[in-house]
Structures are given as structure tokens and as C-alpha cells.
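Okay, so here's the structure we're looking at.
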Number of protein chains: 2
Amino acid sequence: MTDSQARTSESTRARRSDAQRSVAAILEAAQACLALDPDASTAEIARAAGVGRVTLYGHFGSRLELVDQTFARSMARAEETLDQVDLSGDARDGLARLIGSSWTLIARSRSILVAAQRTLPPERIRELHDRPMRRVQDLIERGQAVGAFRTDLPTTWMVATFYSVLHGAADEITAGRLDSDSAADLITSTILPCFARDPAPSR
Amino acid sequence: MTDSQARTSESTRARRSDAQRSVAAILEAAQACLALDPDASTAEIARAAGVGRVTLYGHFGSRLELVDQTFARSMARAEETLDQVDLSGDARDGLARLIGSSWTLIARSRSILVAAQRTLPPERIRELHDRPMRRVQDLIERGQAVGAFRTDLPTTWMVATFYSVLHGAADEITAGRLDSDSAADLITSTILPCFARDPAPSR
DNA sequence: CCCAACTTGTACAGCACTGTTCGAGATACG
DNA sequence: CGTATCTCGAACAGTGCTGTACAAGTTGGG
């Protein structure tokens, strides 16, 4: 009664158009604000969305819920892009292509990930991270099966390394020690020899 | 007058022994607490040190100052250990030894680094990070000069990769997906082929 | 046109934290 | 032993946040 818009689960009653616009604006603003500061307050986000703080709480029960939806949306969007990456053919080429598409996404949404990690329970993070991670893992496993990638390292670890380097690259860029243009090539030429068969002729 | 112990720069007046003990206990507790939670409050730290909160503020002007000193001490200790690593001889072996010694240190002080990053200005972080980083950089450059490491990647980037993988390993351990025993070998056999000359025979 | 849905600012309660003050008590150390 | 140094708890001011309540306005949509 008192609360005008109580949605949160059940009641799929279509929202009025202006309400939909508000929600969209808030999510957009949250994405932008959290990217700048993972600790952005609801006041900041509401202001950036051009909306009253009360309105924000009308649509999202809590800050946590807002962060959750923002993160989920960010991941969903990323997945849309990743879905279009051609992973067939040579596993090495596939990995290169995957890197090319992934690293920009990661660089952009990394700060949101931090925000999510600070407010969401770990299992929720993993839940949303699972699908994109699985994608990498599948590719690596295929490469191993075909003999393109080394098999002396656990797949899990290789996936972790993949993400470590990508995130590291994002760090280097925000630190200004690396420019975005050369990033993809750099990452690729770093990871490929690390994943390739023949551990290196040294020793 | 009112403030009993005002040290902070100048006045190298020797502290009384119990005061020294308090300072030591606080720093130790800070290390432990910040390792568990990078946002640990002064109250928590004081309690863990078995000391009143007021006492803590008697020795450290602010939380920032405490974090700074804790981080600095942690880095100094790490450097002591790192100083004893033999980096002469084959660059690859040197790197392997450096990894062996570094990764434990990183795994232990990683959370403190996070705390430092959240409270200290970025240039202060860099200032304290500079020396250990230089160590890695020098080794890599030497390896490049001798022909052991590839030269097609910027040294800065290789250093960044080095740290990325180490931190990534630490993450994997705290996530329970990797056990401490196998970590060093895993890291080494990941990084070495990535740094080695002959980019890999593939393609 | 009308009403329910939506938005708004202000204001408030509650919390957690930082940093300071005070006054009294304990303790190192000369 | 005496004193400057140190420690303590309790208490307070100040800040910045979250989440809620209210009461009045605006707007979409049937």
C-alpha cells in the first residue's frame, strides 16, 4: 500500500513506461558510477541517473540488490559479445580471438567486478562468472585434446592464468603504462607460448 | 602537553619500553587483522593487540598512518627475505628461485596490499613497491641480455605478468582451488616458457 | 478525464567508523 | 621514591552512509 512499487520477485505486473525508464537510467548510472568508484553510494548513483534517491529505493530494495543486478547485466552483455566469437578451427587462433574480445570487456567491467566482490557473497560471484569461465575452460580442454596446448598443467590453473594476465593488462592500462591498442597483441603473445605444447626447448 | 606521546617526526626521544612493546603489538595486530580484512577498523586492531583504542591513537596519528607503517614494515620484511635469494647464474634458474621465495610472501601480504591500496595514495604504493619490482626487472633484463629471455615484449609488461600470475596463484589458493605445495612449481612452469626465447615452435 | 502508478525533497532513525577529550590509574626508569 | 610517561574506559562530536516515512506533486494510460 504505502510502498508504491513493490516488485522484487512475483507480480510480473508490467511497469509503467516512466518507471521502466527510471530503472534503465539507474542501472546505466550504476554501471558508470561503480566503474569509477566501486564504493559509489546510492546517493551518487541516483544523482547520476537524474533521479531521486527515494525513487532508486523504490525500484531496488537495497544497494546490494542494485549492485547484483548491475553486475548481472554487465555479465550478460559481455556474454552476448562473447557468443559471437568463433572458437572453432585451430585452438590457438580461437584463443587469440577470444583474447581479442575478452580483454576489452574485462577492462571495462573490472571495476564493477570489484564492487560486486565487495558487496555480494562469493558464491553469487562464482555463479555469474561460471558461464564465461566455462567457455575458456572448454576451449583450453579442446586445445589440449587436439595436442595444441600442453597437458602438464591443470586446466583450472590455465584458466586462472588466462584471467590473471587479462586483469593484469587492465591494471597496466589504467596505470598508464600500457596503451589499449597494443594490449591485445601483447596478451596473446604472452599467453600463447605459455599454453603451447613443447614447454620450451630450454634446460 | 595534553597529548602524552606526540612523536610523529622530530623528537627522537627514546620511548619507554612498555610504549615500544605497545607499538610492536599494534603493528603485529594490524598485520594480522588487515590480512583477514583489509577494512579492519582501529577498534578491531586495538582489541587484537590487547590494547585500548586510545593507546593506538597515541602512537599512530591516524588509521592511514598505521596502515602506511604496517605496509612499509611488511614490504621491508619481504625485502629482507628477497635479499637472500641468489639471482646469479642462469637467469632461468634465478627466476625460478625468485618465484619460490616471492610467492609465499605475496600470498601472505596480499591482503595488506589491498588495505594499503584502499587507504594510501597511489604514489606511496608505488614508492614502496619500487625496489622489489626493480629486482624482478633487473633479472629479466639480464636474462634478455644474455639471450635466455625473449626480447619482443617490453620489460615492464613482463614484470607485470610476473606479478599477475603470482597474485593469481594467491587468489587460487585462498579460493581453495590450489594447494600451497604445488603452487611454486606450477607458477614456475607457467612463467618460464612464457619468458623463454624461441616463442614456441607453433604456427 | 481520472486514478493509480510513479516521483520528489525533506527528514529521520540507525549504524559504524574516526579522532579527540578527560580523568584516573598503572608503570618504567632515573 | 617520585615523576614523567604511558595506558585505560567511557564518553562525545562529527561524518557519511543505508534504509524508511511522509506528504505533496507529476504523469502515464485506460
Side-chain angles (χ1 to χ4, degrees), chain A residues 1-8 10-30 33-34 36-70 115 118-120, chain B residues 1-8 10-30 33-34 36-70 115 118-120:
Chain A
M1 298 298 187
T2 37
D3 52 325
S4 29
Q5 55 275 25
R7 28 17 347 162
T8 317
E10 75 131 337
S11 93
T12 324
R13 309 246 315 95
R15 309 251 251 297
R16 242 172 56 177
S17 62
D18 54 348
Q20 291 176 22
R21 242 180 300 131
S22 287
V23 172
I26 292 170
L27 282 173
E28 209 64 49
C33 288
L34 292 177
L36 256 60
D37 172 18
D39 284 323
S41 69
T42 55
E44 264 178 278
I45 295 172
R47 191 167 355 105
V51 127
R53 206 166 64 91
V54 186
T55 304
L56 188 152
Y57 276 102
H59 292 295
F60 302 90
S62 69
R63 194 191 117 94
L64 187 144
E65 195 178 318
L66 173 58
V67 172
D68 186 289
Q69 291 201 26
T70 306
R118 286 194 203 173
T119 52
L120 269 37
Chain B
M1 300 300 182
T2 37
D3 51 325
S4 27
Q5 55 274 26
R7 26 26 337 170
T8 316
E10 73 129 340
S11 92
T12 324
R13 312 246 312 96
R15 310 252 249 296
R16 239 172 59 177
S17 63
D18 54 350
Q20 291 176 20
R21 242 180 300 130
S22 286
V23 172
I26 292 169
L27 282 174
E28 208 64 49
C33 288
L34 292 177
L36 256 60
D37 172 17
D39 285 321
S41 69
T42 54
E44 264 178 277
I45 295 172
R47 191 168 355 105
V51 127
R53 207 165 62 91
V54 186
T55 303
L56 187 153
Y57 276 102
H59 292 296
F60 303 90
S62 69
R63 195 189 116 94
L64 186 144
E65 194 178 319
L66 173 58
V67 172
D68 186 289
Q69 291 200 27
T70 305
R118 285 194 203 174
T119 51
L120 269 39

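Numbered from 1 within each chain, the chains take letters A, B, ... in sequence-line order. Note that the structure is a prediction, hence the values are computed from the model and not measured.
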**Pairs touching residues 40-57 of chain A that satisfy salt bridge (Lys or Arg N to Asp or Glu O under 4.0 Å), sequence neighbours left out** = none
**Request:** With the side chain counted from C-beta on, respond yes when A:Leu27 and A:Leu66 share a heavy-atom pair under 4.5 Å apart, and no when they do not.
**Result:** yes
**Request:** Please list, chain by chain and in numerical order, all residues satisfying side-chain contact (heavy atoms from CB on, under 4.5 Å) with B:Arg21, sequence neighbours excluded.
**Result:** B:Ser17, B:Asp18
Under 3.5 Å, which N/O atoms of the protein pair with N/O atoms of nucleotides 8-14 of chain D?
{"residue": "D:dC8", "atom": "OP2", "partner": "B:Gly52", "partner atom": "N", "Å": "2.8"}
{"residue": "D:dC8", "atom": "OP2", "partner": "B:Thr55", "partner atom": "OG1", "Å": "2.5"}

**Whole-Å distance separating the CZ atom of B:Arg118 from the P atom of C:dC17** = 14 Å
**Request:** Measure from the side chain of A:Tyr57, starting at C-beta and using heavy atoms only, and say which of C:dT7, D:dT18, C:dT18 lies closest.
**Result:** D:dT18
**Message:** I'd like to check the salt bridge (charged side-chain N to carboxylate O under 4.0 Å, His left out) partners of B:Asp37; sequence neighbours left out, ordered by chain and number.
**Reply:** none
**Message:** I need the CZ-P distance between B:Phe60 and C:dT18, as an integer number of Å.
**Reply:** 15 Å
**Item:** Distance, rounded to the nearest Å, where B:Leu66 contributes CG and C:dC17 contributes P
**Value:** 15 Å
**Prompt:** Going from CG on A:Leu120 to CD on A:Glu65, what distance comes out if it is rounded to the nearest 0.5 angstrom?
**Reply:** 10.5 Å
**Candidates C:dT7, C:dG19, D:dT18 - which lies nearest the side chain of B:Ser62** = C:dG19
**Message:** Looking at A:His59, I'd like to know whether one of its side-chain N or O atoms comes within less than 4.0 Å of OP1 or OP2 on C:dT7.
**Reply:** yes
**Complete:** Checking D:dG19, C:dT20, D:dC6 against the side chain of A:Arg63 (C-beta onward), the nearest is D:dG19
**Request:** For A:Ala25, enumerate each residue passing the side-chain contact (heavy atoms from CB on, under 4.5 Å) test, keeping only those at least two apart in sequence or located in another chain.
**Result:** A:Ala49
**Fill in**
Expected string for nucleotides 25-30 of chain C under the B/S/- scheme (protein heavy atoms, under 4.0 Å, primed atoms plus P, OP1, OP2 as sugar-phosphate) is --BBS-
**Message:** In the structure I gave you, are the side-chain heavy atoms of B:Arg118 and A:Arg118 within less than 4.5 Å of one another anywhere?
**Reply:** yes
**Prompt:** To the nearest 0.5 Å, how far apart are CD in A:Glu28 and CD1 in A:Ile45?
**Reply:** 12.5 Å
